> 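Structure provided below as structure tokens; questions to follow.
Fair warning: this is a prediction, and the values are worked out from it, not measured in the lab. Naming: A, B, ... by sequence-line order, numbering from 1 per chain.
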Amino acid sequence: MSYLDELNPEQRKAVEHIKGPVMVIAGAGSGKTRVLTYRIAHMIRSGVDSFSILSLTFTNKAAKEMKERISKIVGPSESRNIWMGTFHSVFARILRSEAQLLGYPSNFTIYDTDDSKSLIKRIIKEKNLDDKIYKPNIVLNRISSAKNNLISAANYKNNPTIHKEDVQSKKPELAYIYEQYEKRCFKAGAMDFDDLLFKTNVLFRDHPQALLNYQNKFKYILVDEYQDTNYSQYLILKKLAARFENICVVGDDAQSIYSFRGANIQNILNFKKEYPDVRTFKLEQNYRSTQNIVNAANSLIRKNQEQIKKNVWTSNDSGEKIRIIKTLSDNEEGYEVASDIIYRLNEEKRPNSDFAVLYRTNSQSRSIEEALRKRDIAYRIYGGLSFYQRKEIKDLLAYYRLAINPKDEEALKRVINYPKRGIGNTTLDKILLAAGQSDKSVWDVIGDLNGSGLKLSSAVQNKIFSFHDMISTYNQMVDSTNAYELASRIASSSGVLKELYADKTVEGVSRYENIQELLSAIKEFSENDVIEEGVDLPEGGEDRTLSNYMKDIALLTDADKDKKDTNVVSLMTIHASKGLEFPYVYVVGMEENLFPSQLSVNSRTELEEERRLFYVAITRAEIKATLSWANTRYRWGNLTYCEQSRFIEEIDAEFLEEPVSSKKESTASEGFSFSGGLSNPSSRFESSTPAKKPAARKINKPTFKPSKLVTDADFKPDDSNLIAAGQTVMHQRFGKGNVEELTGVGENKKALINFQNAGQKQLLLRFAKLQILEN
DNA sequence: AGTATCGTCGTTTTT
DNA sequence: CGACGATACT
């Protein structure tokens, strides 16, 4: 068993100890992922049924990668059976199949944060509450933390302690808002993010048989990043594992950085109490970073009180000390960071992808971005607005959501008058109010205007009627129509495509392209057996419905997209960098009130979380960590003066370079970047194309390549009946390829095609558009 | 009903 | 600064 030989003794013990509760405390860079993957592979090799393994990861991308690695050891036929994904996606899947037990439709909508906020605003408005006091953000946080602690709306209402708190904070109506919010989500057939965990708990609490089924199914449970689980997640695990207690949690208390979203570090600190016969393994050897980086990080984290004792060490070189850059302004900070990157690019022949710039808040990306752009350094921002959060995408997705679940109130609100069809705010208000004050959903109300007693002009009534009719038509097609067919039909017949096509401004064109991109993604989903986002589909085309495409969309984030496959400098928040590593890491904005955040400096626990966050930032670096801070910085339009972050002094001075002032530095770096014919250093690396224009394009694109499928005129697909083995064919996205063989009959006829550049693909001929080049 | 303009308010971090 | 909502006007 060669794979076991790749492990150090402690890693190997963690891999081989399969039965019973296990806790793996994995220091930064200690080969945690390797242990997890090998452990699962080892379990399967040792005879554990792959169907009985549940593995929870922090991102869907991590799950996908882990599955691929496991597949290399035990083969895809085994690895595909493992349930692997984030808490949210795994339990969303379970909730969909058990939905009727909870009175939900199985095609329930998942409300994202915007949807939740919008609904809360609505409730506040309808109740005539002061939105200066009841701020949607704060209200949502309160509801969210209630749910994460398994306090239902009814519990909330009846709890005297909570009521007292709300009265004290001058928000006595929070219980009412929570109750309404719950009600309206239910009526709309919608769950928010927290519901996916909350309702799973309800399911397991109220339906013992369902719990028993899943207990028996998931005999082996593994949890990554356990330090970032909340109470709701903890309880799900506790219940699921109660029968067999084969639960293995992996984490690092020093890297717990999500308490703002309810993560409870006590889960990992108390795991021993929960399972007294737990076996604990500590992975303390760091394989990632230099001694200087490891020791600097150790010296910092030592300042925290609460932690599991461990001694992270490395046998790597001592390496360079941590560099501190001090500048006069945030713009200059960007300049210095860019200069330093150029210096390393040139001197050490490093690709762009070896570099990452990390920051505390998303808004800091702007000055860095500008600086990199000026120097023609290709970069990419991760996080911020994701593809699926952009307005034009959300608009179209809202139509898809409605087609799948017409009761979806937030989706309906979004598109009932987009594009303009003469149903204005006054009308919408009336409709929403009528729905809000009855047991009817908004969809029911607009389907029966008379029965709802609404006073509307007949012209308006007709407009509403035809909207209702249009959505009904889509809805009837949902289960029987292929995703791409329906999606493109909706895009055009709803008028969305036309609306965007008419806009010839730069942003408008970009929005139109984004829509095309979404349609391409859906097309790809319709055509392929396996789609890129990591969701496996059953064989055949019958499940390629729009519902299936949409079911996880709300749960996809930027972190699920490939981060390092292109040669660009990565810009992201420290939170988003969790689990990643880069040879060169720049942590910018090392200033008091920014990092640590102003909101955290008054409480010990919050300050300790900031410190852990800094620990995470430093330990991303393999070769060199650089910290920077600026004397002045623009913050919401105003120039503010800044002091150096206390965290810099908390690192033992022996691991830091002597601080250098910006004046000296800028001359030096200018010397590097503009002398010796290297003024365009990025040209020395093939893929370092200049960064895209800032405006609408800068935000991430999905991993799939943009293609002009819908509008391209040159491409003339041949009748798919003419496709035969041995032919050379052209596919718009995959390019040239050879038809290896044909399988299946009728609707399920598939071609196995070996593409020159895209590898082997199985395409359903029913959907695949292929041009025959040679017979 | 739809559009233009002005005022407000806020920022951690994300599934 | 920039997003969003309220207000006023067409």
> Look at A/K420 and B/dT3 and indicate whether a side-chain polar atom (N or O) is within less than 4.0 Å of OP1 or OP2.
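Yes.
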> When the distance from CZ of A/F87 to P of B/dT14 is rounded to whole Å, what number comes out?
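Going from A/F87 (CZ) to B/dT14 (P), I get 19 Å.
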> Angle between ring planes, A/F204 versus A/Y214, binned at 30° and 60°: parallel, tilted or perpendicular?
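Taking A/Y214 first and then A/F204, their aromatic rings sit tilted (interplane angle of 30° to 60°).
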> Please give, in whole Å, the distance from B/dG10 C1' to A/N141 CG?
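Nearest whole value for this atom pair: 14 Å.
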> Looking only at side-chain atoms of A/W636, point me to the closest of B/dG10, B/dT13, B/dT15.
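It is B/dG10.
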> Using the ring of A/Y501 (Phe, Tyr or Trp, six-membered ring only), decide whether A/K504 places NZ or CZ under 6.0 Å from its centre and within 45 degrees of its axis.
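Cation-pi check for A/K504 and A/Y501: passes.
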> Under 30°, 30 to 60°, or over 60°: which ring-plane class applies to A/F614 and A/F647, parallel, tilted or perpendicular?
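The arrangement is parallel - the two ring planes meet at less than 30°.
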> Reading DNA chain B from 5' onward, which residue's closest nucleotide shows up sooner: A/L613 or A/R421?
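It is A/R421, whose closest nucleotide lies nearer the 5' terminus.
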> Could you state the atom-to-atom distance from CZ of A/F58 to C1' of B/dT14 in whole Å?
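Computing the A/F58:CZ to B/dT14:C1' distance gives 7 Å.
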> With sugar-phosphate meaning primed atoms plus P, OP1 and OP2, does A/F595 contact a base, only sugar-phosphate, or nothing at under 4.0 Å between heavy atoms?
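Touches nothing.
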> Relative to A/Y615, does A/R612 satisfy both conditions: NZ or CZ under 6.0 angstrom from the six-membered ring centre, and within 45 degrees of the ring's axis?
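No, A/R612 does not lie over the aromatic ring of A/Y615.
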> Can you tell me if A/N405 and A/T109 form a side-chain donor-acceptor pair at under 3.5 Å?
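Looking only at side-chain atoms, A/T109 and A/N405 do form a donor-acceptor pair, the distance falling under 3.5 Å.
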> Just to verify, what does A/A554 make a side-chain contact (heavy atoms from CB on, under 4.5 Å) with, not counting sequence neighbours?
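Only A/I110 meet the side-chain contact (heavy atoms from CB on, under 4.5 Å) criterion with A/A554.
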> Do the side-chain N or O atoms of A/K121 get closer than 4.0 angstrom to the phosphate oxygens (OP1, OP2) of C/dC4?
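For C/dC4, neither OP1 nor OP2 has a side-chain N or O of A/K121 closer than 4.0 Å.
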> Nearest whole Å is fine: how far is B/dG2 P from A/K463 NZ?
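So the NZ-P distance, A/K463 to B/dG2, works out to 7 Å.
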> If you count the non-hydrogen atoms of other residues, nucleotides and ligands that lie under 6.0 Å from CG in A/D469, is the total more than 12?
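Above 12, so yes.
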> If we take the C1' atom in both C/dC4 and B/dT13, what is their distance in whole Å?
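Per the computed distance, 22 Å lies between those C1' atoms.
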> Look at the side-chain N and O atoms of A/S89 and state whether any lies under 4.0 Å from the OP1 or OP2 oxygen of B/dT15.
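It does not, given that no N or O in the side chain of A/S89 lies less than 4.0 Å from OP1 or OP2 of B/dT15.
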> Centroid distance below 5.5 Å plus an interplanar angle below 30 degrees: do A/F260 and B/dT13 meet both conditions?
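The base of B/dT13 is stacked with A/F260 (centres under 5.5 Å, planes under 30°).
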> Verify the contact: side-chain N or O of A/T573 to OP1 or OP2 of B/dT14, cut-off strictly under 4.0 Å; return yes or no.
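For B/dT14, OP1 or OP2 has a side-chain N or O of A/T573 closer than 4.0 Å.
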> What's the CG-C1' distance between A/D330 and B/dT11, to the nearest Å?
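After rounding, the reported distance stands at 15 Å.
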> From CG of A/N362 over to P of B/dT11, roughly how many Å is that when rounded to an integer?
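After rounding, the gap between these two atoms is 13 Å.
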> Please give, in whole Å, the distance from B/dT15 C1' to A/K147 NZ?
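Distance check: A/K147 NZ to B/dT15 C1' gives 13 Å.
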> Taking the nucleotide of DNA chain B with the closest heavy atom to each, which residue, A/T427 or A/F193, is nearer the 5' end?
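Its nearest nucleotide being more 5', the pick is A/T427.
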> Roughly how many Å is it from NZ in A/K117 to C1' in C/dA3, rounded to a whole number?
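Answer to the nearest Å: 11 Å.
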> How does DNA chain B look in dot-bracket notation if pairs are Watson-Crick or G-U with both distances under 3.5 Å, crossing ones as [ ], other-strand ones as |?
||||||||||.....
> Do A/K127 and A/Y134 meet the cation-pi criteria used here (NZ or CZ under 6.0 Å from the six-membered ring centre, within 45° of the axis)?
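Output no; distance or angle outside limits.
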> Between B/dT15, C/dC4, B/dT13, which nucleotide gets closest to the side-chain atoms of A/T361?
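For the A/T361 side chain, the nearest candidate turns out to be B/dT13.
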> Check step by step if side chain to side chain donor-acceptor pair (under 3.5 Å) holds for A/S329 and A/Y634.
CA-CA 8 Å; A/S329 69; A/Y634 275 93; over 6 Å; no
> For the residue pair A/R96 / A/Y104, report whether a side-chain donor-acceptor contact shorter than 3.5 Å exists.
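On atom types as modelled, these side chains do not qualify, holding no pair under 3.5 Å.
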> Between B/dA1, C/dC4, B/dG2, which nucleotide gets closest to the side-chain atoms of A/N417?
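Closest of the options to the side chain of A/N417: B/dG2.
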> Could you identify which residues of residues 128-138 of chain A place a heavy atom less than 4.0 Å from some atom of DNA chain B, listed by residue number, or say none?
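Within residues 128-138 of chain A, the residues near DNA chain B are A/K132, A/K135, A/N137.
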> Less than 6.0 angstrom from the centroid, inside 45 degrees of the normal: does A/K394 satisfy that with respect to the ring of A/Y388?
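No - A/K394 does not lie over the ring of A/Y388 by the 6.0 Å and 45° rule.
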> Of the nucleotides B/dT11, C/dG5, B/dT15, which has the atom closest to the A/T113 side chain?
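From the listed options, B/dT15 comes nearest.
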